[in-house]
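Order of the sequence lines fixes the chain letters, A, B, ..., with proteins taken first and strands second; residue numbering starts at 1 for each chain. Everything numeric in this text was worked out from a predicted model, so none of it was measured.
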Protein chains: 4
Amino acid sequence: MVLSRFISGKQAEVHAKRERRKEARPGELLDAALELFVEKGFAATRSEEVAARAGVSKGTLFLYFPSKEELFKAVIRENISGRFKEWNEEFDSFEGSTADMLRYCLAIWWERVGATKASGITKLMISEAQNFPDIAAFYQHEVVEPGQDLMRRILQRGVARGEFEIPDLDYAIYGIVAPMVFLIMSRHSLGTCVPAGRMLDPERYIAAQVNTLLHGLCRQPAPSAHSKENHKT
Amino acid sequence: MVLSRFISGKQAEVHAKRERRKEARPGELLDAALELFVEKGFAATRSEEVAARAGVSKGTLFLYFPSKEELFKAVIRENISGRFKEWNEEFDSFEGSTADMLRYCLAIWWERVGATKASGITKLMISEAQNFPDIAAFYQHEVVEPGQDLMRRILQRGVARGEFEIPDLDYAIYGIVAPMVFLIMSRHSLGTCVPAGRMLDPERYIAAQVNTLLHGLCRQPAPSAHSKENHKT
Amino acid sequence: MVLSRFISGKQAEVHAKRERRKEARPGELLDAALELFVEKGFAATRSEEVAARAGVSKGTLFLYFPSKEELFKAVIRENISGRFKEWNEEFDSFEGSTADMLRYCLAIWWERVGATKASGITKLMISEAQNFPDIAAFYQHEVVEPGQDLMRRILQRGVARGEFEIPDLDYAIYGIVAPMVFLIMSRHSLGTCVPAGRMLDPERYIAAQVNTLLHGLCRQPAPSAHSKENHKT
Amino acid sequence: MVLSRFISGKQAEVHAKRERRKEARPGELLDAALELFVEKGFAATRSEEVAARAGVSKGTLFLYFPSKEELFKAVIRENISGRFKEWNEEFDSFEGSTADMLRYCLAIWWERVGATKASGITKLMISEAQNFPDIAAFYQHEVVEPGQDLMRRILQRGVARGEFEIPDLDYAIYGIVAPMVFLIMSRHSLGTCVPAGRMLDPERYIAAQVNTLLHGLCRQPAPSAHSKENHKT
DNA sequence: AATGAATGAGTGTTCATTCAT
DNA sequence: GATGAATGAACACTCATTCAT
């Protein structure tokens, strides 16, 4: 009895572990695929490599994804989270200056996206958009547009509160987006070829970009006493 | 006599036409390859397609380039012009305000690089850097660093002349570089998937970025009468 | 218990069959390759033919050998058995006359090499030596030299025992080697083009060569009563 | 007048040289082809190499030979001389001992065939017989059979004159043929891979083979006073 | 006649995908 | 469900052959 319980306990445990592995499989494969697609490009990545990195055999990959192309699509879908609703809510409840909000946004973005594997998606989409137009359209709709909308709302808030002065608001948003995209590209591509010491320091990079973004390069006349910015920072 | 001259003239002409074709071939192939590599990626582009777009047969491609990989390298090399010396000279002789200089720089960059086929190189390098590390290092050395050096000199000029105020100069240069890279990426990748009317208008885009770059988003206190910027623009 | 044993027995059997096929593959491919390389030459043999003759698809060939050239090298290596040690031992323990020894040697050479697929290697090496100099050197060292050493030992034994009289021993060995090589060439090459009835009969061929080798063409003076040779044969 | 004669003289001279070259072309091409086919095999030799070694362009080769295969056939045909009639006549008028005749024959063969480019044909035929069966049959008929007939006539002469004693005459001829073929193979193939000092010395090789051929390896009883051989050599 | 640029059928090799185990 | 041996379509690259000059 004790023995049998031990045995069945062991079996159950094994079974459970297997189940866990089984359920984890697709995720592990998607992670492996994301990494490799980002590193080497979709076409240059072999299915077998993906399987190997996920610790399974070639055949198993095709058990979960009917083709390499479907794997690609799944990689994108999996990593395109609809986080924007949540962020929009944070936006609504934010109470500080819009400059602070922008700083906060970028810091959070770095923490939750830029520094994570998810940032690889951006590089992947940029590299493969032309080969997967439907996915690109989906990404455009699900990620790019909501992202830009959020940026626009931030800027509009700044303008509405008299903090910002923006002649061309629709295009000003790229002043925020471009540095983030550039940072990702740097970390996933050319930046990896420079000597380690000269790689971009993300925090410093973001700080510098926010500073330029808010105040510009031009020397500003001596601020009057009630300038909001100077109080806050 | 006349006849013989006519004949040799004709032969020379024909010969010249052939010669011209032969000499033009590599360029035509490089152009075709650049286009296709940018569109579809290196691995996903078939040699035969490159040849077909250049109007020759598969075999002819290999008459001029010993392998697809050498073709890739030649595409990069061909399009990495050492234009920076020339630009540095223009820099030295520029006499206006540094803000104007920046505007001028971006305008001619757009005209000479951004709007041309050469801009595809940037997308190509970003997509393939990991697969061609030696080429990436070369590009880093020949294009990225000189470009960043030029940006740094511009910013330093602005600071030296008391026009700019820049806390972190080394990282501020990305405020100029990132928007340009983003513009290129947009035009060669995801941007091509949005409805035609919503594609970025480059002039407007550059104007907006320069404006943000110079003055920032934050509303500035009423400028005093002798502000340089307002005189010039 | 019985059932489980039956099942595992069946599985083991099936597995074994698969294993056997998998393990047999390289050998089947090497055999097919040897045949075709001998028949048509290395360059003129298509990889797909080799695969087809081994009963597998083109791709499978490359599962076992990374390239056609490696296949060639494997074919040679596989068939260059270090049989010479064994033969040298037989040599040491042989007790009859050296003439008998020579007859015996050629007979078993025919049986174990000449009549088998292994003889194709000689033709192959002769045809391809210049294109695969490293393999040729290996063959020279592993086959040619040991073979010639063995011949030399036989002749030396004959001389030492007063049976043979050989003015130029180093070159006399070719009197044995040349007819064997010729026989192989005949069977693998030109000889296959003559009408079936006129193909060399190997036993008769070997007998005739041994006879000439031992006694020469010239009519010999009536042998004295104690001549060894005449007793034995 | 003088001038014009000079010119036309010069032109004629140039023309003559051209003519000579033009007429020499096919021969130069055949020589180049023979060398390369022998060295590398038919399939592994590129047409362009042949042309290059003959000092002409690729196109010119096809001006003289409609295809690579026809070139091969021409190479063989060109080098299969019907020298056997002439040799048969020498045979009829030879007056010495048959042993001397054999020595003379092999010496002449070495001088006129073995040491010349023509010997490459043998290697070529052995390598390619299976791929060019009609050529092989032709070679068999034009070279192999006449050669063997000549050998047979020599042996028959020896037997008829009471000089030779040959149990199996039809197969005894290979005792002469095989060493010659072996010598050729050695010089064109594996032999080229051994250190220079260990290459076969043809004269010594032939002498050794003839000696074995005539007297065999076995020590012969003391010859009686009237043995022909001992007088002559 | 001679050239050599151009061709495209042919071959070695890869790799996504299948399927028997 | 998992495996990995097997497949064959696809692709890089070669080279005999053509033909405009």
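Pairing partner, dT21(E): dA2(F), with both Watson-Crick or wobble hydrogen-bond distances short of 3.5 Å. Searching all strands for a Watson-Crick or G-U wobble partner of dA1(E) with both distances below 3.5 Å returns nothing.
What separates CZ of Phe72(C) from P of dG12(E) is a distance of 14 Å, to the nearest Å. If you take CD of Glu48(B) and P of dT7(E), they are 11 Å apart, rounded to a whole angstrom. Remark: P of dC15(E) and CG of Leu61(C) are 16 Å apart, rounded to the nearest angstrom. Residue Glu49(D) contributes atom CD, which lies 15 Å from atom P of dT17(F) at whole-angstrom precision. Atoms CZ (Phe65(D)) and P (dA1(E)) sit 14 Å apart, rounded to a whole Å. Rounded to whole angstrom, the span from the CD atom of Glu28(C) across to the P atom of dA5(F) amounts to 15 Å. Leu29(B) places its CG atom 14 Å from the P atom of dA12(F), with the value rounded to the nearest Å. Protein atom CZ of Phe42(C) is 12 Å distant from nucleotide atom C1' of dT11(E), rounded to whole Å.
In this structure, the nucleotide among dA9(F), dA9(E), dT7(E) sitting nearest to the side chain of Lys58(C) is dA9(F). Checked against dG8(F), dA12(F), dA16(E), the side chain of Arg46(A) finds its nearest nucleotide in dA16(E). When each of dT13(E), dG4(E), dT17(E) is scored by its nearest atom to the side-chain atoms of Ser57(D), the top-ranked nucleotide is dG4(E). Side-chain atoms of Thr60(A) lie closest to dA2(F) of the nucleotides dA2(F), dA2(E), dA12(F). The side chain of Val56(B) sits closest to dT7(E) out of dT7(E), dT3(E), dT3(F). Side chain of Lys68(D), nearest nucleotide from dA6(E), dT18(E), dT17(F): dT17(F).
The pair Asp134(A)-Lys73(A) meets the salt-bridge criterion, with a side-chain N (NZ, NE, NH1 or NH2) lying under 4.0 Å from an Asp/Glu carboxylate O. Look at Glu28(C) and Arg53(C) and you find no salt bridge, because none of the NZ, NE, NH1 or NH2 atoms lies under 4.0 Å from a carboxylate O.
Annotation: cation-pi geometry satisfied between Lys68(B) and Phe42(B) (NZ/CZ under 6.0 angstrom from ring centroid, within 45° of ring axis).
Contact annotation: Tyr64(A) reaches the phosphate of dA2(F) (side-chain N/O to OP1 or OP2, under 4.0 Å). Between Ser47(A) and dA16(E) there is a side-chain N or O to OP1 or OP2 distance below 4.0 Å.
Along DNA chain E, the nucleotide nearest Leu63(D) and the nucleotide nearest Glu69(A) are compared for position; the residue whose nucleotide lies closer to the 5' end is Leu63(D).
A pairwise comparison of heavy atoms in Leu61(B) and Leu71(B) identifies CD1-CD2, 3.9 Å as the closest pair.
Ser127(C) contributes no side-chain N or O that, together with a main-chain N or O of Ser127(D), makes up a donor-acceptor pair within less than 3.5 Å.
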